[in-house]
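What follows is a single structure, written as structure tokens, with notes after it.
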Amino acid sequence: MKNDDNIELLKRVQKVEAPEFLFTRIQAKIEDTLPTKMPLSWALGLGFSIVFLIGINAFSVVNYNSGSSATSVKEQNDLGEFVGANQSNQLYNE
Amino acid sequence: MGSSEEFKTIYDLHADMVYNLCLNYLQNEEEAQDLTQEVFVKIFHQQEKFQGQSSMKTWIYRITVNACLDHLRKNKRKKRFGIRLSFSEPENEIHTPGEFRHPGILLEDKEALKNLFQQINRLPENQKTALLLKTTEDLKNSEIAEIMKVSAKSVESLLGRARKNLEKFLEEARDG
């Protein structure tokens, strides 16, 4: 087949219309690829939860630091007496 | 360009062009539909990048050509590594994506065009692109040059080589 014949044959390929459903598919695909937006109520709820958690943690830390050291020492001594531990620093009983 | 009405207008103006070019590259209806979808999604997302340096039509042609070539490269890679559909298939059966199904081809021309497209598919990418844009899209050399970002002289040379190679391949197919 000569080149001219090849070209003529290619020109016999007809133009067709794009299927009608294609635009709907394209729209659906575009929606899938768009970043999803979080609803405002969700964002507010998440924000409050984070603030609440930070608040609770801060409160716990502050309470722990300012808590009576005497109380904790007393608790340790009581526990020591209960198990019969020697509260002296001496290594040998003299 | 940003509203959905504008995008719909662009789609209405260029969908047939994109679809037909994809059909001529791939010669398969389903693949052409998938690729047309891909092209328009890209157009939607890249619309801000379109700065009007070329016409909208040239820009869309360029996106379509690149999408088709990328798709063909992916298919070639799949063929090279051989995809087996299931382990019960014999090892020498390799999945060939896309059978020849082009709705724009008349029945009486089907065998001849199937053979012709098989040989066109053997051409280097730039020769195939130039040939398809010239013959099936009926574009001028200057328009093809703008799409391919080469000079008009280069397009002339590509077309000459494409025709020569095509004749050679067709002869080989006849003799082989």
Side-chain angles (χ1 to χ4, degrees), chain A residues 1-69 72, chain B residues 4 7-8 11-12 14-24 27 29-30 32-45 102-106 108-110 112-117 119-120 131-132 134-138 159-160 162-171 173-174:
Chain A
M1 193 187 273
K2 290 182 182 167
N3 258 330
D4 292 343
D5 295 341
N6 297 334
I7 305 306
E8 283 312 305
L9 189 57
L10 271 174
K11 289 188 173 176
R12 284 170 65 85
V13 176
Q14 303 200 334
K15 300 276 188 214
V16 294
E17 281 183 11
E20 282 180 16
F21 58 78
L22 212 48
F23 187 68
T24 314
R25 264 174 61 173
I26 289 165
Q27 279 183 313
K29 189 75 184 178
I30 286 169
E31 270 164 41
D32 277 349
T33 55
L34 284 173
T36 48
K37 289 182 186 170
M38 194 187 282
L40 184 61
S41 53
W42 286 31
L44 283 172
L46 191 63
F48 280 132
S49 306
I50 291 169
V51 168
F52 180 70
L53 277 169
I54 292 171
I56 289 277
N57 274 324
F59 181 75
S60 306
V61 166
V62 163
N63 267 352
Y64 178 80
N65 283 340
S66 67
S68 163
S69 54
S72 62
Chain B
S4 50
F7 180 67
K8 181 71 172 59
Y11 177 83
D12 288 337
H14 301 287
D16 291 348
M17 178 268 278
V18 171
Y19 181 57
N20 281 283
L21 187 55
C22 292
L23 273 173
N24 291 329
Q27 304 112 44
E29 228 174 333
E30 280 87 15
Q33 285 166 14
D34 289 345
L35 217 53
T36 303
Q37 179 186 296
E38 200 180 298
V39 165
F40 277 98
V41 170
K42 246 184 216 161
I43 289 170
F44 181 85
H45 287 299
H102 191 315
I105 291 177
L106 302 170
E108 64 248 35
D109 295 331
K110 189 177 175 185
L113 275 165
K114 186 178 175 181
N115 181 39
L116 183 59
F117 270 113
Q119 307 316 319
I120 288 174
L131 186 69
L132 288 177
K134 184 75 181 176
T135 54
T136 65
E137 297 298 309
D138 206 23
L159 287 170
R163 287 183 174 124
K164 221 176 176 177
N165 282 331
L166 193 56
E167 213 180 325
K168 188 177 92 178
F169 294 155
L170 285 165
E171 256 183 59
R174 265 197 304 272

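Each chain gets a letter, A, B and so on, in the order its sequence line appears, and its residues count up from 1.
B:Thr36 contributes atom OG1, which lies 5.5 Å from atom CG of A:Leu22 (distance to the nearest 0.5 angstrom). Rounding to the nearest 0.5 Å places CG of A:Leu10 at 4.5 Å from CG of B:Leu116. Residue B:Gln37 holds its CD atom at 4.5 Å from CZ of A:Arg25, rounded to the nearest 0.5 Å. Note that the CD atom of A:Gln27 and the CZ atom of B:Phe40 stand 12.5 Å from one another [nearest 0.5 Å].
Within a 6.0 Å radius of CD in A:Glu20, other residues, nucleotides and ligands contribute 12 heavy atoms or fewer. The number of heavy atoms from other shown groups lying within 6.0 Å of CD (A:Glu17) does not exceed 12.
A 4.5 Å side-chain heavy-atom check between A:Ile26 and B:Phe7 finds at least one atom pair inside the cut-off. Annotation: side chain of B:Lys134 is not in contact with side chain of A:Ile7 (no heavy-atom distance under 4.5 Å). Using a 4.5 Å heavy-atom cutoff, the side chains of A:Lys15 and B:Glu137 are in contact. Residues A:Phe21 and B:Gln33 form a side-chain contact, since some pair of their non-hydrogen atoms from C-beta on lies under 4.5 Å apart. Put simply, the side chain of B:Leu23 does not reach to within 4.5 Å of the side chain of A:Val13, judged on heavy atoms.
Minimum interatomic distance between A:Ala18 and B:Tyr11 (heavy atoms only, all atoms of both residues): CB-OH, 4.3 Å. Of all heavy-atom pairs between A:Leu9 and B:Ala112, the closest is CD2-CB, 3.7 Å. A pairwise comparison of heavy atoms in A:Lys11 and B:Thr135 identifies CG-O, 3.8 Å as the closest pair.
Considering only heavy-atom pairs separated by less than 4.5 Å from chain A, the leading option among B:Leu113, B:Ile105, B:Val41 is B:Leu113. The choice from B:His45, B:Lys8, B:His102 that makes the most heavy-atom pairs within less than 4.5 Å of chain A is B:Lys8.
Proximity to chain A (any heavy atom under 4.5 Å) is shown, for B:Asp34, by both the backbone and the side chain. Contact of B:Asn24 with chain A is made through the side chain alone, with heavy-atom distances under 4.5 Å.
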